[in-house]
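A short write-up of the structure that comes next.
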Amino acid sequence: MADFGRGHPPPGSLQSMANRLANETSPYLLQHRNNPVDWHPWGEEALARARAEDLPLLVSIGYSACHWCHVMERESFEDPDIAALMNEHFVCIKVDREERPDVDAIYMDAVQSMTGHGGWPLNAFITPEQIPFYAGTYFPPEPRQGMPSWRMVLLAVADAWEKRREEIREQSDQVVRSLQATARIQPSSDPISEAALTDAVAALRASYDSRHGGFGSAPKFPPASTVELLLTRGEREMSLATLRAMAAGGIYDQVGGGFSRYAVDATWTVPHFEKMLYDNALLARAYLHGWLLSGEERMREVCCETLDWALREMRGAEGGFCSALDADSEGVEGKFYVWTLEELRETLGAELAEPAIAYFGAGERGNFEGTNVLEAHGPRPADLTEIRRRLYDARSERVWPGLDDKRLTAWNALMISALADAGAVLGRDDYLDAAVACAEFILRDLRDDDGRLLRTWKDGRGRLRAYLEDHAFLLEALLTLYEATFEARWYREAVALADELTARFADDEHGGFFTTADDHERLAARRKDLDDAPIPSGNSAAAFGLLRLALLSGEHGYERHALGVLRLLYPIAVKHPHGFAHLLRAADFYLAPVKEVAIVGSGEGAHELERVVRGAFRPHVVLAGGADGVPLLEGREPVDGAAAAYVCEHFVCRAPVLTAAELAAALGEADFTAPAGSARAPTG
């Protein structure tokens with residue numbers, strides 16, 4: 001499934017033609033290694049050359065599943081004349097934004113400040129001192145729709161540098177101050193109040209699409225963190241309707257499972273077809289929680305189908321998960337996923353075709369350039385499993401989209417959380433085994449010689465020191481894995497990781513955490529990632545993980561660091577809840593009377609108590625069990641040899657309970673029945 005079909009030979013061939021990207025591991029960078037542009041990877045070699053020759057740097061940023069990145073490459077970066085112009089006037093750097101979120105964030109701030117919008121490909125022109133002075137996104141090879149051509153941009157920037165470089169440099173201090181704005185946010189002394197959190201959730205209704213689900217208009221991105229916030233707060237209308245709408249739309253792969261990155265329309269019908277690991281990890285968990293609240297079987301199905309897709313198509317032999325599947329195959333967006341009526345009839349035969357066509361809403365004219373993106377709005381066929389199997393087998397014979405097979409620590413951590421949570425709730429040992437294998441892979445292979453966590457791994461090679469989000473997502477994952485398995489090793493790893501995170505990333509002056517560690521290379525600015533779109537920010541995840549760890553460990557220092565994040569961001573978050581939903585979940589957790597549940601003992605009695613806790617959506621519970629080694633378990637003993645559960649708040653515990661009914665009552669359930677299929681539900 002690796003993509004070498006865009007005019008790029010496979011590794012090892014035509015090395016004499018390759019530029020400086022030939023020795024990189026990023027699939028995105030390797031896609032550009034045979035461009036006539038003299039690309040450098042980001043690093044000291046390129047920066048030193050720019051300083052020595054006093055040349056501006058052209059930093060071009062993208063990622064392997066980016067459709068318009070591929071378009072600009074074909075149109076401009078593969079053109080020898082344009083490449084010669086780039087090579088003459090600039091030191092050219094290619095950056096994979098997924099490997100280098102620190103570099104990407106700085107120049108994304110710059111392009112948004114200069115143009116009012118952002119996106120990829122991102123093309124920033126910067127001084128040898130790394131200060132941006134012009135930036136944009138996609139530029140066509142010829143002037144089009146009010147956009148200058150890429151050649152025009154290159155010549156204009158080169159002319160400006162030749163004639164006005166001192167003027168450009170004089171503006172550097174102002175630009176740097178702007179880039180450092182997130183690091184200068186001051187903590188608030190206002191209380192973190194329940195009322196403000198309630199108002200924030202109410203504010204989401206203003207942008208809610210009551211007709212189609214989701215928030216805002218086209219394009220629509222899956223709002224996993226927002227849905228989780230709403231579920232946590234007990235809101236069901238907006239959250240469940242959004243989950244239903246996405247599951248029925250073309251953004252969800254009705255044949256193979258898994259979600260595309262976003263829908264280009266308001267109805268979730270036509271996706272931008274790339275599939276990202278992070279979306280699917282977050283959404284699988286949101287559907288699991290939606291099922292626990294609603295009992296709707298389709299929610300459980302979507303959770304499992306999404307995780308099964310990840311295990312089938314994205315998992316490597318070492319246990320890690322690849323980053324993304326491309327939108328394009330054979331150079332055409334969506335070609336792998338769409339169907340004509342003739343293809344459906346030929347694949348399914350007379351008996352199955354018509355029920356399938358009705359279910360998937362397929363029509364003669366199609367809904368995407370004369371073809372059909374399959375949806376799920378019609379009557380459900382009795383033979384849907386067989387229909388999907390035949391379509392999947394037939395589709396598998398097509399040319400597959402390109403696979404970005406680098407493993408990123410942060411995104412793998414999100415998948416660990418989803419697999420561990422679903423495995424524990426659903427009693428799926430295969431999910432738990434996959435979560436354990438992935439965690440073992442990260443802790444074994446994504447370490448440097450000093451034991452420091454690394455960001456990315458490919459072909460047996462880990463590289464690049466990890467960022468805040470890598471540490472924070474992995475902290476949440478390790479705690480979820482501990483709660484799912486009761487293996488104390490995951491708790492110990494979480495403690496060590498939390499200590500590393502707070503020691504190397506914390507801002508002791510203003511609170512919160514920097515994106516990069518204290519010994520990271522010097523960039524134009526040391527930033528803080530703050531917003532939770534499209535994935536939780538490192539700060540939000542760190543706050544949530546540290547709050548949970550504080551309740552398992554009894555160490556108040558973890559809560560103090562988490563509170564620093566909340567004081568920094570809560571005033572902004574409550575005004576912009578869609579952009580800070582994970583932060584608001586952390587605030588909700590901080591404000592809630594969280595139950596600390598310690599289960600001691602073994603045998604069926606202990607398992608029955610576990611199933612009570614796992615059989616409902618419990619966003620305000622932390623769970624400990626198994627052998628000693630976790631402070632919440634200390635001093636808790638079975639009662640007369642029988643397994644017991646201790647329900648505590650701030651390490652102050654009630655009398656132990658021995659039965660499922662008693663534990664349910666202690667958790668506030670007057671009359672609770674788990675959804676069929678959960679680890680708690682009766683089995684035949």
Side-chain angles (χ1 to χ4, degrees), residues 1 222 224-225 227-228 231 243-244 246-248 251-261 274-294 296-325 376 384-385 388-389 392 396 403 405 407-408 410-442 473-474 476-478 480-481 483-485 534-536 614-615 617 675-679 681:
M1 290 162 58
S225 293
V227 167
E228 291 275 32
L231 293 173
L243 291 174
R244 293 185 198 110
M246 292 191 298
I251 193 173
Y252 183 67
D253 183 350
Q254 303 294 337
V255 172
F259 288 86
S260 295
R261 192 165 73 93
E274 70 264 40
K275 288 182 177 179
M276 313 301 293
L277 184 68
Y278 60 76
D279 282 323
N280 286 282
L282 293 168
L283 287 166
R285 210 171 178 195
Y287 277 90
L288 177 71
H289 297 159
W291 170 71
L292 282 170
L293 269 180
S294 70
E296 296 177 23
E297 177 61 14
R298 185 58 184 148
M299 303 276 185
R300 187 195 64 80
E301 288 178 349
V302 172
C303 168
C304 292
E305 289 167 4
T306 301
L307 294 177
D308 291 345
W309 162 79
L311 291 172
R312 182 177 64 246
E313 297 187 16
M314 303 297 284
R315 191 183 186 207
E318 78 295 327
F321 289 85
C322 301
S323 295
L325 277 172
L384 182 58
T385 300
R388 295 181 69 199
R389 185 192 65 78
Y392 186 85
S396 296
L403 176 71
D405 59 349
R407 282 64 150 167
L408 294 174
W411 298 4
N412 272 259
L414 294 175
M415 186 54 71
I416 292 169
S417 292
L419 288 165
D421 199 357
V425 168
L426 301 174
R428 289 284 299 264
D429 288 343
D430 55 336
Y431 291 169
L432 288 174
D433 290 344
V436 167
C438 188
E440 290 176 336
F441 156 67
I442 291 175
F473 292 177
L474 187 56
E476 288 200 87
L478 292 169
T480 302
L481 190 55
E483 290 181 320
T485 64
I535 60 176
R614 305 191 202 283
F617 179 47
S678 74

message = Within the structure provided, determine whether L292 and R300 are in side-chain contact (heavy-atom separation under 4.5 Å).
response = no
ask   = Is there side-chain contact between L408 and L277, with heavy atoms separated by less than 4.5 Å?
value = no
Qualifying residues under ring-ring contact (aromatic ring centres under 6.0 Å, His included), relative to Y252, sequence neighbours excluded = F259
message = For the CG atom of L311 and the CG atom of D433, what is their distance to the nearest 0.5 Å?
response = 10.5 Å
key: Any donor-acceptor N/O pair, Q254 side chain to A247 backbone, under 3.5 Å   = yes
query = Quick one: CD1 on I416 to CG on L432, what's the gap to the nearest 0.5 Å?
reply = 12.5 Å
message = Would you say that L283 contacts V302 through its side chain, given a criterion of any heavy-atom pair below 4.5 Å between the two side chains?
response = no
note = E318 meets the salt bridge (Lys or Arg N to Asp or Glu O under 4.0 Å) criterion, sequence neighbours left out, with R407
ask   = What is the minimum heavy-atom distance between S260 and P222, and which atoms define it?
value = O-CG, 4.1 Å
ask   = So which heavy atom on A420 is nearest to which on A435, and how close?
value = N-CB, 3.9 Å
query = Given the rule in the side chain to side chain contact (heavy atoms under 4.5 Å, CB included) test, do L282 and L414 qualify, once you have shown the distances and angles that lead to the verdict?
reply = CA-CA 7 Å; L282 293 168; L414 294 175; 4.1 Å; yes
query = A418 and A281: which non-hydrogen atoms are nearest, and at how many Å?
reply = CB-O, 3.4 Å
ask   = Just by distance, do the side chain of N412 and the backbone of F321 share a donor-acceptor pair under 3.5 Å?
value = yes
request  = Check whether any side-chain heavy atom of R244 lies under 4.5 Å from a side-chain heavy atom of E296, and answer yes or no.
outcome  = yes
Those residues that, when tested against Y278, pass ring-ring contact (aromatic ring centres under 6.0 Å, His included) (two or more places apart) = W411
ask   = Under 4.5 Å between any side-chain heavy atoms of M314 and L403, yes or no?
value = yes
Test item: Y287 side-chain N/O and E301 main-chain N/O as donor-acceptor pair under 3.5 Å = no
message = Within this structure, what is the CE-CZ distance for the pair M276 and R261, rounded to the nearest 0.5 Å?
response = 6.5 Å
key: Heavy-atom pair of closest approach, residues M415 and A310   = CE-CB, 3.7 Å
ask   = Hey, are the side chains of L481 and V436 touching, using non-hydrogen atoms and a 4.5 Å cut-off?
value = yes
Note, P536 side chain near F473 side chain (heavy atom, < 4.5 Å) = yes
ask   = Which heavy atom of G290 sits nearest a heavy atom of L231, and at what distance?
value = N-CD1, 3.8 Å
key: From D253 atom CG to N280 atom CG, the distance as rounded to the nearest 0.5 Å   = 9.5 Å
ask   = Do you know which two heavy atoms are closest between K275 and G257, and how far apart they sit?
value = NZ-O, 2.8 Å
key: Stepwise side chain to side chain contact (heavy atoms under 4.5 Å, CB included) check, C438 with L419   = CA-CA 10 Å; C438 188; L419 288 165; 5.7 Å; no
remark   = Sorted by chain and number, sequence neighbours left out, salt bridge (Lys or Arg N to Asp or Glu O under 4.0 Å) with R312 holds for none
Where at least one partner belongs to residues 410-428, residue pairs that pass salt bridge (charged side-chain N to carboxylate O under 4.0 Å, His left out), sequence neighbours excluded = R285-D421, D308-R428, R428-D430
task = Can you tell me which residue pairs pass the ring pair (Phe, Tyr, Trp, His ring centres under 6.0 Å) test with a partner in residues 413-441, sequence neighbours excluded?
result = F441-W457
